[in-house]
Every structure is written in C-alpha cells, then in structure tokens.
Novice: 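Here's a structure for you.
This structure is a prediction, so every number in the text was calculated from the model and none was measured. Lettering of chains follows the sequences in order, A, B, ..., and the numbering in each one begins at 1.
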There are 2 protein chains.
Amino acid sequence: MEILEKLGRDLRDKKFIVMLARCSVSYEGRARSFLGTGDRLIIIKNDSSIIVHQPVGAMHVNYMKNAYISVNGSTIIARSSDGRERLIIEIEDIYDYSSRRMIDNESITLSGDEREMQEYIYEHPDIISRDFKPLSREAITRYGYIDILGVEQGSYVIVECKRIKAGMPEVEQLHRYVERFKKEKGVERVIGVMIAPSISDPAYRYLMDKGYRFVRFSPPGILRKQGKRHKDLNQFLNGN
Amino acid sequence: MEILEKLGRDLRDKKFIVMLARCSVSYEGRARSFLGTGDRLIIIKNDSSIIVHQPVGAMHVNYMKNAYISVNGSTIIARSSDGRERLIIEIEDIYDYSSRRMIDNESITLSGDEREMQEYIYEHPDIISRDFKPLSREAITRYGYIDILGVEQGSYVIVECKRIKAGMPEVEQLHRYVERFKKEKGVERVIGVMIAPSISDPAYRYLMDKGYRFVRFSPPGILRKQGKRHKDLNQFLNGN
DNA sequence: GGGGAGAGATGCCGC
DNA sequence: GCGGCATTTCTCCCC
C-alpha cells in the first residue's frame, strides 16, 4: 500500500491525518487491550495524538496522547513519551485517507459548570438560608477545598456544591471538610450543607445520619433533568 | 455548498461520515459551550453520534451521543434523544468529506483492570498478610460493595483494591465500608486494608489516622509507574 | 431505571 | 510534579 509511504511523510510533516481503514488494534501499558479486525476511523493529530474510533459510540476505543508514531510495513506503532505504553495498529485495508494542515486558534468557553454555581450561590446566599453569610469561596485552606465557607447564627457553615445529583462520595467529601475544620479550628458546632439539584436516596439518608442539611437547587439557565421531589425523612424512618 | 446536500442523503442512509471543515460550534444542555471559528474534524457515526475534534488533544471538544441530526443551509443541528440538549455547528468551509458504510463486529477486550487485580489477590491472600483468609470477593451485600472480605486472627478484614495510586476518596470509601460493616454486623473490631501500587501522602496520613493498613502492591504484567517508597509513619509524626 | 463504582479515565488548577 | 477535584464525564453492573 503506497499510501502508507504518504503516511510516513505526513507524520514527519506533522499534518492532521484521517483514515478509514480495516484494522486490528492492540494496546499495552497501564492495562492491556485487544480489538479484532473491523472498519475503524484512525485520527492522527498535529500534536501526534492518535485516536481510534469504531463505527458506533461517542467514545474512542483506543488512543494515545503525544505519542511517538512510526510506520513499519502496514503496521502503525505509537509509543508514549515515557516509553511505558505501546499502541499497535495492523492495517489490512485503507478505504479513505486524507491529510491536511489544520489551523485552529480558538479554545472552548464553557459555562454552567460548578464554579458558576458557586458564584451564583455566593451572590445569592439566601438560597442557603435567610441568615447565611458567605465568608469565602473555593477556600483552599489546610481544611480542604471548601466550596463555600460562611456563618449562620454564630456557627460556621461549610457548603458543598454539586451541579448534578449528589451521591455517597459527595456526602463523604462534605463530612471530611466539616470534621477537619472542627478539629483544626477547634470549634464544636459546624453546619454542613449539601446543595445540589437532587440527591440519591442512600446519600440523603447518610447525610441525615451525619446531621447535615440538604438544599435543593438547580443552577438557572441549565436544561437539566428535574429531580423528583425528595421523600420526607419520616418516610425513610418508617418505610423499608 | 452542494456537499451539504450529500451530507443530508448520507445522514438518511446512516452512513459513517467524516469531514474536515472550518466551523464554529455551540452547545446547550447539561452546560453551555461556545467554540469560535477554526479547522475541525467532524465525525458522524452509524448510530448518529456526532463528535467534533480540534487539531490537537486526545479528547473531543464537543459531542453528542445518539442524536437527531439535521442540516439547514450550512448549519448542522444535533438534538439529544430526550430533547434537552442541542449542538449547533456552523459550517464555513469544507476541506474534505467522505462517507462510507463501515462494518465492525468486534468489541474490545481489556485486561489488567481492577477486577483482575482482585482475582489475583484472592488467589494470593498472603499478599495481605500471612494469616489472611479471604471469604468473598465483590461482596455486593447490604454492607456495601466490598472488594474483598476476609478474616485474620478472628477479625473481619475489609480490603479495598486500587489498580492506580490511592487518594482521599479511596480511603473514605474503605472507611465507609468498615463503618457500615461494624454497625450492621454488630462487631467491634474490623481491620481495614487499602491495597494499591502507591498512595498519596495526605491519603496515607488519613488512612493511618483512621487506624487502617496500607499494602503496596502492583498487579503483575502491567507496565506502571513505580511509586516512590513511602516515608515511614514516624516522619509524618515528627515532620510538618 | 437508579445507584454505586471503575476508567488505559482526562483535564484543570493550585501549591 | 503532586494532589485534589470536576467532567456535557462515560461505562458497566447489579438491584
């Protein structure tokens, strides 16, 4: 396949390369994987990242960032920069091949993320409670990465924000911050608040067990699945 | 651009489509994003997944799984199946276009994952300790998803496996299982063991604070970065 | 379908 | 470089 010679030149020229090919793929490094023969899309980017896509699914099936890529016969070999990983693509047929110089100076701007939610709550503290007064945001202190720290009726309040449904790990995160804060600050009473659009039933129970508070809040302007209204605590105590 | 008419036909035919194009991309749904004009790779798969790649980086910049995709003039519009998300690509120029019927009946096989590590430890319990006797693996009981449950000198042992370096959340996971197990089983003494190739310093301190044990172990046959030998506990107590 | 947890997670930011 | 943490996380698996 003389097109593989062109591939060699394009690799040296750091071009953006796209191939539709029948191939098999094997990987060894942080784990091992093998993918038998089939039709795939192979992408080699300007920065020598290599990505393999199957005909379905949003995610790649194999990839390597910033690889050293070489061609040997009909085999493409990619090695990671630290030498501990290896991706091998055996090309059986090339259906389509194109290479280009691609120019893109833009980078994506994202909004509606957790940081934005934090800012919103910081600006609208009454979402937490009528008496809540925020003190600091993203407090990267030795107590941990507290999303929002504030006070309420003379007690410290630690707020943990989640833009999506909260689960067990999120409750534990809050608990860790509260415990550390208590210990290092030497205070007895610290109020823990989890604020999220929804929370899983087990996580809610866990949160209540720890004596923390849940505030339901969906960041405005985000189209998100509406969580079901949460059962009252009594239903947990009586039911099950 | 008459090629956009071909795109319409290919979409109806559920072909695999690859385009190199200058375009801008906006997304709205679980969050919002905007990406100004630049050269991009646009992939539309057999299952109507749509993916946008910039010229560098292993990850896509925008995507949508299983979308409803339509073309209006030079605009590609993808809507999520639940109607809550929208991806809009404004095409300014098409450099390259190809479409194909792609056939791939293979699926990837992966080894060297955590399950394999669990199996290995279960078969070689002396890795944990000379007296450790495993009882069950992946115990999805009401005590939680315990990786390995066993006994040692008449005490229950809960083992949490990590194939990569353990951090704070992993220690908390172990702690949660131990606490639940104690409470629901009504036993006082339960031994907690974290087994991983390495552990972060803060996580190690946290683990020691809780009174648990760390076992350094790298699954065999995996090329993984060698973690530095961990400092002795005394260094933590004396230092800082 | 919900929930928990792993992933070759990746990527970002702060120290 | 390490560490913690969010991610339009995605994916699998079990209940």
Side-chain angles (χ1 to χ4, degrees), chain A residues 27-33 49 57-65 80 84-87 107-108 110-118 138-142 144-147 160-170 173 176-177 198-204 206 222-225 227-228, chain B residues 27-33 49 57-65 80 84-87 108 110-118 138-142 144-147 160-170 172-173 176-177 198-204 206 222-225 227-228:
Chain A
Y27 164 79
E28 204 171 296
R30 287 175 287 178
R32 294 177 300 274
S33 76
S49 295
M59 290 299 288
H60 45 232
V61 66
N62 280 108
Y63 61 94
M64 192 173 288
K65 290 177 293 186
S80 64
R84 288 181 298 103
E85 297 178 274
R86 199 172 50 194
L87 181 67
S107 60
I108 197 165
L110 183 74
S111 64
D113 56 2
E114 199 188 274
R115 181 170 296 263
E116 206 178 71
M117 181 178 171
Q118 280 174 30
E138 281 279 300
I140 308 162
T141 68
R142 60 184 172 286
Y145 294 72
I146 296 167
D147 282 347
E160 178 61 28
C161 299
K162 286 295 150 185
R163 58 188 293 285
I164 53 172
K165 181 183 277 205
M168 296 296 270
E170 284 73 31
Q173 212 180 332
R176 176 177 11 127
Y177 298 156
S198 58
I199 185 168
S200 74
D201 288 353
Y204 183 74
Y206 196 45
I222 301 298
L223 317 170
R224 185 168 305 109
K225 196 180 331 202
K228 68 178 194 298
Chain B
Y27 164 79
E28 203 172 296
R30 287 174 289 178
R32 294 176 300 274
S33 76
S49 294
M59 290 299 288
H60 46 232
V61 66
N62 281 106
Y63 64 93
M64 190 174 288
K65 291 176 292 186
S80 65
R84 288 182 297 104
E85 296 179 275
R86 199 172 49 195
L87 182 66
I108 197 165
L110 183 75
S111 64
D113 56 1
E114 198 187 272
R115 180 170 296 264
E116 208 178 69
M117 181 177 171
Q118 279 175 30
E138 281 279 300
I140 308 161
T141 69
R142 61 184 171 287
Y145 295 71
I146 296 167
D147 282 347
E160 179 62 29
C161 299
K162 287 295 151 188
R163 58 186 294 287
I164 53 171
K165 181 184 277 204
M168 297 296 269
E170 285 72 33
E172 255 159 10
Q173 211 181 335
R176 175 174 12 126
Y177 298 155
S198 59
I199 185 167
S200 75
D201 286 354
Y204 182 74
Y206 196 45
I222 302 299
L223 317 169
R224 185 170 305 110
K225 194 177 339 198
K228 69 178 195 298

Novice: Of all the choices, dG8(C), dT8(D), dC5(D), which nucleotide is nearest to the side chain of Tyr63(B) once you look at every atom?
Specialist: dT8(D)
Novice: Calculate the interatomic distance between Asp201(B) atom CG and dG1(D) atom P; express it in whole Å.
Specialist: 17 Å
Novice: dG8(C) P sits how many Å from His60(A) NE2, rounded?
Specialist: 9 Å
Novice: Taking for each residue the nucleotide of DNA chain D with the nearest heavy atom, is it Ala166(B) or Asn62(B) whose nucleotide lies nearer the 5' end?
Specialist: Ala166(B)
Novice: Is a side-chain donor or acceptor of Arg163(A) paired with a backbone partner of Arg30(B) at a separation under 3.5 angstrom?
Specialist: yes
Novice: Once you round it to whole Å, what is the distance between C1' of dT8(D) and CD1 of Ile164(A)?
Specialist: 10 Å
Novice: Nearest-Å distance, CZ (Arg30(B)) to P (dA6(D))?
Specialist: 17 Å
Novice: If you go through the side-chain atoms of Tyr145(A), does one of them form a donor-acceptor pair with the base of dG4(D) closer than 3.5 Å?
Specialist: no
Novice: Nearest whole angstrom, please: distance from the C1' of dT7(D) to the NZ of Lys165(A).
Specialist: 18 Å
Novice: Among dG8(C), dG3(C), dG3(D), find the nucleotide with the atom closest to the side chain of Ser200(B).
Specialist: dG3(D)
Novice: What nucleotide, of dG8(C), dT8(D), dG3(C), holds the atom closest to the side chain of Pro202(A)?
Specialist: dG3(C)
Novice: Taking 4.0 angstrom as the limit, do Glu116(A) and Arg32(B) come out as a salt bridge?
Specialist: yes
Novice: Nearest to the side chain of Met168(B) - dG4(D), dT9(D), dG4(C)?
Specialist: dG4(D)
Novice: dG8(C) pairs with which nucleotide, Watson-Crick or G-U wobble, both distances below 3.5 Å?
Specialist: none
Novice: Can you tell me if the side-chain N/O atoms of Gln173(B) get under 4.0 Å from OP1 or OP2 in dG6(C)?
Specialist: yes
Novice: What's the CE-P distance between Met59(B) and dT10(C), to the nearest Å?
Specialist: 8 Å
Novice: Nearest nucleotide by nearest heavy atom, which residue falls closer to the 5' end of DNA chain D, Arg115(B) or Ser33(B)?
Specialist: Ser33(B)
Novice: Roughly, in whole Å, what's the span from NZ in Lys65(B) to C1' in dC12(D)?
Specialist: 12 Å
Novice: For the side chain of Ser80(A) and the backbone of Glu85(A), is there at least one donor-acceptor N/O pair under 3.5 Å apart?
Specialist: yes
Novice: For the pair made of CE in Met117(B) and C1' in dA7(C), what is the distance, rounded to whole Å?
Specialist: 15 Å
